[in-house]
Amino acid sequence: MKRSEFLKLASAGTAFLYSGSLLSKANQPDPELSKELFGSAFHWGVSTASHQIEGAWNVDGKGENIWDRFEMMKGKIKDHSTGQIACDFYHQFDNDLDLLKSLNFKDFRFSLSWSRLLPDGTGRINDKGVDFYNRVIDKCLRIGIEPWITLYHWDLPQLLEDKGGWTNRDIIGWFAEYTDFCVQKFGDRVRNWIVLNEPAAFTTLGYLIGMHAPGHRGINKFLASVHHAMLCQAEGGRIIRSHLPDAHIGTALSCSYVEPKKQLPRHERAAKRIDVILNRLYIEPTLGMGYPKKDLPFLEKMERFIQPGDEERLKFDFDFIGLQNYFRVISRPGIIPYIRATKVKPDKEKSELTEMGWEVWPKGIYMSIKQYAKYPIKEIIITENGAAFPDELQGESVHDTQRCNYFKDYLKSVLKAKCEGINVTGYFLWTFMDNFEWSYGYKPRFGIVYNDFETQKRTIKDSGLWFRNFLK
Ligand code: NOJ
């Protein structure tokens with residue numbers, strides 16, 4: 001046998017040993033990474049969200065939510081799709097959780113659909129919705145997967161939106177009732193709770209620029225929704241704690257490291273303003289630091305929504321902060337009203353971009369962790385990190401080399417922060433399987449499992465195989 005042929009065979013053989021199927025180079029083990037380096041108590045999971053995976057939008061008594069409504073409006077979703085079927089997780093969860101288990105993940109983060117449980121937002125209970133989540137939780141526990149519940153991942157009951165949604169201060173009471181209900185129903189088996197998912201995203205995209213449901217635009221709507229979301233964030237934490245003193249309670253924030261384009265005072269001030277609107281606004285009130293008005297003066301307008309005693313009610317001592325990182329932001333002075341700064345588009349020539357146009361820059365997650373570690377936070381858990389690339393199904397395989405490399409590089413950055421002594425205790429990738437990517441529809445595929453949306457057939461991508469080996 002020729003030497004070159006031998007080498008080819010030998011490397012194919014090694015790959016075969018690693019996965020039980022032939023692997024491309026990208027998903028072979030990386031000598032600098034092993035799960036042991038993260039410690040035995042580290043949580044390895046995937047994150048998902050109800051509206052993005054469940055489907056069954058009008059089945060078994062589920063009420064309408066703001067996305068069900070928004071998707072029906074012309075031009076709101078890029079590929080004109082809806083989340084009505086999505087991954088049909090509502091019917092397929094049993095096999096899906098077995099699949100997750102087969103990839104050696106031990107933690108599963110999912111959100112509860114408020115309108116599946118309380119179709120009108122408050123009051124009337126939908127027992128079939130409760131049954132569904134009981135079955136999901138019980139299945140997880142049966143197969144040795146730890147469930148992590150997110151209470152709110154953007155799918156507000158439409159009937160509450162009809163009363164003003166997040167702009168109506170009554171949402172504190174509505175959310176308290178919902179939280180109380182969920183904790184009473186599921187708290188006997190679920191220890192890990194995440195109150196909100198990315199309040200920065202649902203307030204900015206949903207109430208300031210109208211790109212997400214419910215599609216509102218306006219500075220007052222935005223400021224009201226931020227203040228009420230921050231009050232609910234803390235209130236939710238308190239309610240969980242009052243029922244479950246031993247619960248592990250967090251909230252998940254979108255965290256992007258912001259850099260000025262140039263080292264000039266004007267640019268630095270602009271970066272500071274963007275940093276407030278993306279990061280500081282959602283963590284500092286919780287920590288009892290109030291709103292960062294000094295660095296973004298228009299936040300003074302928030303005053304009109306603040307009532308006596310609110311400053312105290314904004315605080316909650318979370319056990320962990322969920323850090324979700326996708327990109328860094330390079331900013332410069334600009335004309336966006338109020339913020340007077342703008343984002344600089346990443347340069348296609350110089351950087352690798354994901355299908356969302358987001359720059360692949362692994363150092364960014366490290367910088368973000370460092371930034372948040374400066375606050376008095378007990379634990380940081382990466383509750384989302386991942387990338388969409390144009391995947392292609394080839395027979396029974398998806399060779400998503402870019403995603404394999406992405407995860408390896410981002411994990412190295414997380415490890416670096418951990419090795420420097422920061423208490424990072426978990427990594428949940430986004431996401432388990434390709435799903436409904438909000439206003440982008442189904443085109444961007446973020447999963448480590450490929451989903452054929454016509455047949456609902458799942459195919460493990462190379463990145464999924466990589467994790468299966470890594471977590472073995
Ligand atoms: C953050 C959100 O929580 C999630 O729902 C979304 O799909 C990912 N980012 C990717 O855009």
Side-chain angles (χ1 to χ4, degrees), residues 47-54 64-71 73 76-77 83 109-115 121 149-172 174-175 178-179 193-237 250-256 276-283 285-286 291 302 305 314 321-327 356 383-384 430-431 435-440:
S47 282
T48 63
S50 46
H51 192 76
Q52 293 180 272
I53 62 169
E54 283 177 8
E64 189 188 18
N65 71 40
I66 52 175
W67 277 89
D68 296 328
R69 177 72 62 92
F70 188 69
E71 289 154 15
M73 297 176 193
K76 299 294 183 195
I77 311 296
R109 174 184 170 211
F110 61 101
S111 72
L112 304 178
S113 155
W114 188 338
S115 67
I149 285 184
T150 310
L151 281 169
Y152 185 74
H153 200 129
W154 307 357
D155 43 359
L156 190 74
Q158 180 61 40
L159 279 175
L160 297 184
E161 172 54 30
D162 294 344
K163 298 181 193 155
W166 287 98
T167 67
N168 184 340
R169 196 177 162 101
D170 288 347
I171 195 154
I172 306 165
W174 306 333
F175 189 70
Y178 166 63
T179 303
W193 294 81
I194 292 174
V195 179
L196 298 182
N197 180 73
E198 297 197 353
F202 73 76
T203 54
T204 310
L205 302 174
Y207 290 87
L208 181 67
I209 64 172
M211 187 182 151
H212 274 193
H216 295 310
R217 285 173 200 200
I219 200 73
N220 283 326
K221 289 203 156 118
F222 168 67
L223 291 173
S225 70
V226 170
H227 184 53
H228 301 144
M230 289 302 93
L231 286 165
C232 287
Q233 185 164 267
E235 187 68 11
T251 196
L253 306 178
S254 48
C255 306
S256 298
V276 168
I277 205 84
L278 292 182
N279 295 300
R280 297 176 52 198
L281 187 52
Y282 303 91
I283 178 79
T286 308
Y291 290 114
M302 190 98 115
F305 304 109
L314 284 167
I321 292 297
L323 187 152
Q324 321 213 131
N325 178 261
Y326 288 92
F327 44 75
M356 303 292 283
T383 41
E384 283 188 29
W430 186 267
T431 182
N435 60 39
F436 178 69
E437 178 54 25
W438 308 113
S439 56
Y440 288 85

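Please read all numbers here as calculations on a predicted model, not as lab measurements.
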Taking the side chain as every heavy atom from C-beta outward, state whether [X] and [Y] have any pair of such atoms under 4.5 Å apart.
{"X": "S50", "Y": "W154", "answer": "no"}
{"X": "E235", "Y": "V195", "answer": "no"}
{"X": "I194", "Y": "T383", "answer": "yes"}
{"X": "H51", "Y": "F436", "answer": "yes"}
{"X": "T251", "Y": "I321", "answer": "yes"}
{"X": "W438", "Y": "M211", "answer": "no"}
{"X": "T431", "Y": "I53", "answer": "no"}
{"X": "I171", "Y": "C232", "answer": "yes"}

### side chain to side chain contact (heavy atoms under 4.5 Å, CB included) between V276 and Y291, intermediate numbers included
CA-CA 9 Å; V276 168; Y291 290 114; over 6 Å; no
Roughly how far apart are [X] [atom1] and [Y] [atom2], rounded to 0.5 Å?
{"X": "L278", "Y": "C255", "atom1": "CG", "atom2": "SG", "value": "10.0 Å"}
{"X": "T167", "Y": "E161", "atom1": "OG1", "atom2": "CD", "value": "7.0 Å"}
{"X": "L208", "Y": "T203", "atom1": "CG", "atom2": "OG1", "value": "8.0 Å"}
{"X": "L156", "Y": "N65", "atom1": "CG", "atom2": "CG", "value": "8.0 Å"}
{"X": "T204", "Y": "F222", "atom1": "OG1", "atom2": "CZ", "value": "4.5 Å"}

Would [X] and [Y] count as a close aromatic pair, with their ring centres under 6.0 Å?
{"X": "Y178", "Y": "Y152", "value": "no"}
{"X": "W114", "Y": "W174", "value": "no"}
{"X": "F70", "Y": "H212", "value": "no"}
{"X": "H228", "Y": "F175", "value": "no"}

### Message
Please identify which of these residues, I283, N197, L196, meets the side-chain contact (heavy atoms from CB on, under 4.5 Å) condition with L253.
### Response
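Considering I283, N197, L196, a side-chain contact (heavy atoms from CB on, under 4.5 Å) with L253 is found only for I283.
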### Query
Which is it for M230 and M302 under the side chain to side chain contact (heavy atoms under 4.5 Å, CB included) test, yes or no, and what are the steps along the way?
CA-CA 12 Å; M230 289 302 93; M302 190 98 115; over 6 Å; no
### Query
Taking the inter-plane angle between the rings of W166 and F202 on a 0 to 90° scale, is it parallel (under 30°), tilted (30 to 60°) or perpendicular (over 60°)?
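Rings of W166 and F202: tilted, 30 to 60°.
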### Query
Would you say N168's side chain and K163's backbone share a donor-acceptor pair under 3.5 angstrom?
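Indeed, once roles are kept as given, a pair shorter than 3.5 Å links the two residues.
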